[in-house]
K.L.:
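My questions will all concern the structure given below.
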Amino acid sequence: MGKFYITTAIDYANGDPHIGHAYEKIGADVIARFHRLRGDDVHFLIGMDEHGQTVAQKAAERGLTPQQQVDEIAPRFRDMWSTLGISYDQFIRTTEEAHKTGVRALIKRIFDNNPDDFYEKSYRGLYCIGCESFKQASEVVDGRCVLHPSRVLEQVEERNWFFRLSKYQEFLRRVFTERPEFLQPESKRNEMLALLDQGLEDISASRARFTWGVPFPAPLSNGEHQTTYVWFDALPNYLTATGFPAKGYRDRWPADVHIIGKDITRFHSIIWPAMLQAAELPLPRRVWVHGFVLFGGEKFSKTAGVRLDLDEAIARFGVDAFRYFLLREVPFDADGSFTWERFEERYTADLANAFGNLASRVVTMVEKYTGGLVPAGVAPETHAADASDLSAYTAFLDGSRGYLLHEALRIVWNIVTRANEYAQRRQPWALAKEPASRGDLEQVLASLVRQLARLAVLVFPFMPGKAEELWQSLGGPGRAQDQRLEALLRLDPGGWRVVKGPALFPREQPSAKASSGR
RNA sequence: GGCAGGGUAGCUCAGCUGGUUAGAGCACGGCACUCAUAAUGCCGGGGUCGCGGGUUCGAGUCCCGCCCCUGCUACCA
């Protein structure tokens with residue numbers, strides 16, 4: 001039993017939760033629940049990134065204060081997470097006082113330990129008054145901002161605090177090479193190594209032009225007070241959530257894993273570790289980068305009309321089926337697609353037919369042939385294969401072979417298939433007709449119930465609701481979530497009383513409207 | 001442009017250091033069975049392994065060229 005601190009990216013408070021947010025949270029939730037099944041002391045952090053210009057602008061457009069704006073959005077995320085069954089332990093918001101205190105403490109700590117790591121520098125760039133931000137060369141056409149061509153870009157000079165990121169180049173290279181598990185999957189690690197080869201530039205740590213954020217703890221030499229640059233505000237949430245700088249934060253920090261999307265790899269694997277090193281704090285143990293959920297192979301895009309209504313997708317077959325589909329179909333180390341057709345295929349083939357029907361046929365047979373009482377004495381036949389699958393399952397969920405959640409599900413479905421094959425081969429319905437085969441019949445039924453019980457537990461991290469339903473239906477003691485993976489192979493269902501409930505994953509009526517498109 | 005990773009059955013993908021008739025799941029067709037959610041099991045059809053050269057007794061697997069796709073190429077979060 002160990003401690004396990006897992007985090008997801010904090011979501012930017014400028015819109016509603018979408019499938020990309022959901023995918024990451026569901027994946028992290030599976031890992032968190034898996035660790036709880038092992039008896040680990042899990043702490044699962046989720047949160048909101050609520051500072052920055054975009055939020056302030058959005059609020060201004062609506063005539064609200066930034067705080068009103070984010071107070072409105074945060075509950076919408078929380079509601080979605082509870083709908084999706086995300087078992088987070090803490091929901092942090094960067095507007096919380098404790099977070100702001102923590103950020104300032106972290107920066108001060110860098111000033112204390114490595115005073116040279118912050119320095120003042122002037123930054124010159126083209127500034128668009130319309131956007132209220134500096135523009136990159138690629139965003140400028142004919143000397144004008146592409147978004148506000150009627151305005152003239154101004155050459156503006158701003159003096160900021162800079163963080164000496166370049167100093168940590170070799171340190172980071174060592175981290176990447178000496179700790180290959182620090183950043184995964186490997187493709188992302190290679191990208192970051194390539195970035196290091198190019199050489200790191202220092203980054204600004206404060207901004208003058210907006211105030212919706214954490215006041216930077218040190219004034220410039222001219223006395224001006226600036227606002228902490230967004231990433232110096234956002235990234236530390238993982239640390240401030242532990243209570244930092246208050247005593248006791250070390251009980252939780254460092255995080256065991258940061259689960260993030262590929263678009264923010266650099267911030268989490270380069271800037272964040274450099275900040276921590278500068279503050280002389282331990283680095284997170286690993287950063288896992290997942291891909292994006294595409295829609296029919298295309299990126300979701302409001303302008304192109306490529307979108308998916310989360311509530312509609314959840315309503316289609318229920319939360320558990322949605323969780324299953326996303327994690328089965330979208331590899332957790334790469335991009336994948338959501339399509340309604342695929343969703344329906346997976347639901348019917350994997351959930352209704354293979355898994356749901358297995359539960360249904362086994363429970364029915366126990367009711368019919370042994371009066372609902374699970375016989376004692378399991379057969380050894382399926383046991384060895386189950387055991388080897390269980391260890392593969394574990395390796396894909398504990399990170400030792402990468403967090404390949406889709407592979408873990410594939411393994412679980414091997415057990416489902418094996419159970420169906422076993423039933424077909426031993427034909428308990430035929431054994432039931434021969435009084436002389438009573439002993440065989442009982443063994444076969446007990447073995448099938450044992451496999452189902454194992455499945456209920458293995459599937460629990462992915463589909464907690466359905467797992468409990470199945471566990472109850474089998475008459476297992478307590479709840480599925482209280483089981484322990486280590487005990488799974490010793491599981492003996494002898495004496496349990498099964499109860500046939502409604503179908504776990506009801507097949508759709510053929511007459512149901514054939515849905516397609518969006 | 002540079003760097004990295006890909007292009008294998010209708011779909012999603014396995015195929016380690018080159019070696020018998022190229023595999024899995026889903027979809028599709030047939031058969032068996034009846035405990036089950038018309039479910040399950042078994043069998044089967046289906047691929048010029050991106051294109052063109054080359055090395056080799058032998059290449060999806062190595063080399064060269066070309067075509068196409070994706071990611072990264074740093075301060076919007």
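None of the values given here were measured: they were computed from a predicted structure. Chain A is the first sequence line, chain B the second, and so forth, proteins listed ahead of strands; every chain is numbered from 1.
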K.L.:
How many whole angstroms separate atom CZ of A:Arg401 from atom P of B:A14?
P.N.:
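A:Arg401 atom CZ is separated from B:A14 atom P by 14 Å.
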K.L.:
Determine the contact category for A:Asp263: base if any of its heavy atoms lies under 4.0 Å from a base atom, sugar-phosphate if only primed atoms, P, OP1 or OP2 are that close, otherwise nothing.
P.N.:
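The residue A:Asp263 makes base contact.
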K.L.:
Validate the cation-pi geometry between A:Arg78 and A:Phe91: distance from NZ or CZ to the six-membered ring centre under 6.0 Å, angle to the ring axis within 45°.
P.N.:
yes
K.L.:
Send over the distance from A:Tyr422 OH to B:C42 P, rounded to a whole Å.
P.N.:
16 Å
K.L.:
In dot-bracket, 5' to 3', how would RNA chain B read with Watson-Crick or G-U wobble pairs under 3.5 Å, [ ] for crossing ones and | for pairs to another strand?
P.N.:
(((((((..((((.....[...)))).(((((.......))))).....(((((..]....))))))))))))....
K.L.:
Kindly check if the number of other-residue, nucleotide or ligand heavy atoms within 6.0 Å of CZ (A:Arg173) is above 12?
P.N.:
yes
K.L.:
Can you see whether A:Ser360 engages A:Lys500 through a side-chain donor-acceptor pair at a distance of less than 3.5 angstrom?
P.N.:
yes
K.L.:
Do A:Phe332 and A:Tyr23 have their ring centres less than 6.0 Å from each other?
P.N.:
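A:Phe332 vs A:Tyr23: aromatic centres under 6.0 Å.
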K.L.:
Between B:G41 and B:A36, how far apart are the two C1' atoms, rounded to whole Å?
P.N.:
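Going atom to atom, C1' in each nucleotide, I get 13 Å.
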K.L.:
Which nucleotide sits closest to the side chain of A:Arg342: B:U73, B:C11, B:A77?
P.N.:
B:C11
K.L.:
Is a side-chain donor or acceptor of A:Asp202 paired with a backbone partner of A:Ser166 at a separation under 3.5 angstrom?
P.N.:
yes
K.L.:
Roughly how many Å is it from CH2 in A:Trp272 to C1' in B:A77, rounded to a whole number?
P.N.:
17 Å
K.L.:
For A:Asp202, report the nucleic acid contact type (base, sugar-phosphate, nothing); a contact means any heavy atom under 4.0 Å.
P.N.:
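Base, at least one base atom sits under 4.0 Å.
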K.L.:
If you measure only the distance, is there a donor-acceptor pair under 3.5 Å linking the side chains of A:Thr95 and A:Glu50?
P.N.:
yes
K.L.:
How far does the C1' atom of B:A14 sit from the matching atom of B:G25, given to the nearest Å?
P.N.:
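Rounded to whole Å, the distance is 11 Å.
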K.L.:
Between CZ of A:Phe232 and OG of A:Ser204, what distance do you get to the nearest 0.5 Å?
P.N.:
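Answer for the CZ-OG pair, A:Phe232 versus A:Ser204, is 8.5 Å.
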K.L.:
Between protein and nucleotides 27-40 of chain B, map the contacts as a letter string: B base, S sugar-phosphate only, - none, heavy atoms under 4.0 Å, written 5' to 3'.
P.N.:
------SSBBB-SB
K.L.:
Need one value for A:Gly213: base, sugar-phosphate or nothing, where a base atom within 4.0 Å counts as base even if backbone is also close, heavy atoms only.
P.N.:
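It contacts nothing in the nucleic acid.
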K.L.:
Less than 4.0 Å between a side-chain N and a carboxylate O, is that true for A:Asp386 and A:Arg418?
P.N.:
yes
K.L.:
State plainly whether the residues A:Glu434 and A:Arg438 are in salt-bridge range, i.e. N to O under 4.0 Å.
P.N.:
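No salt bridge links A:Glu434 with A:Arg438.
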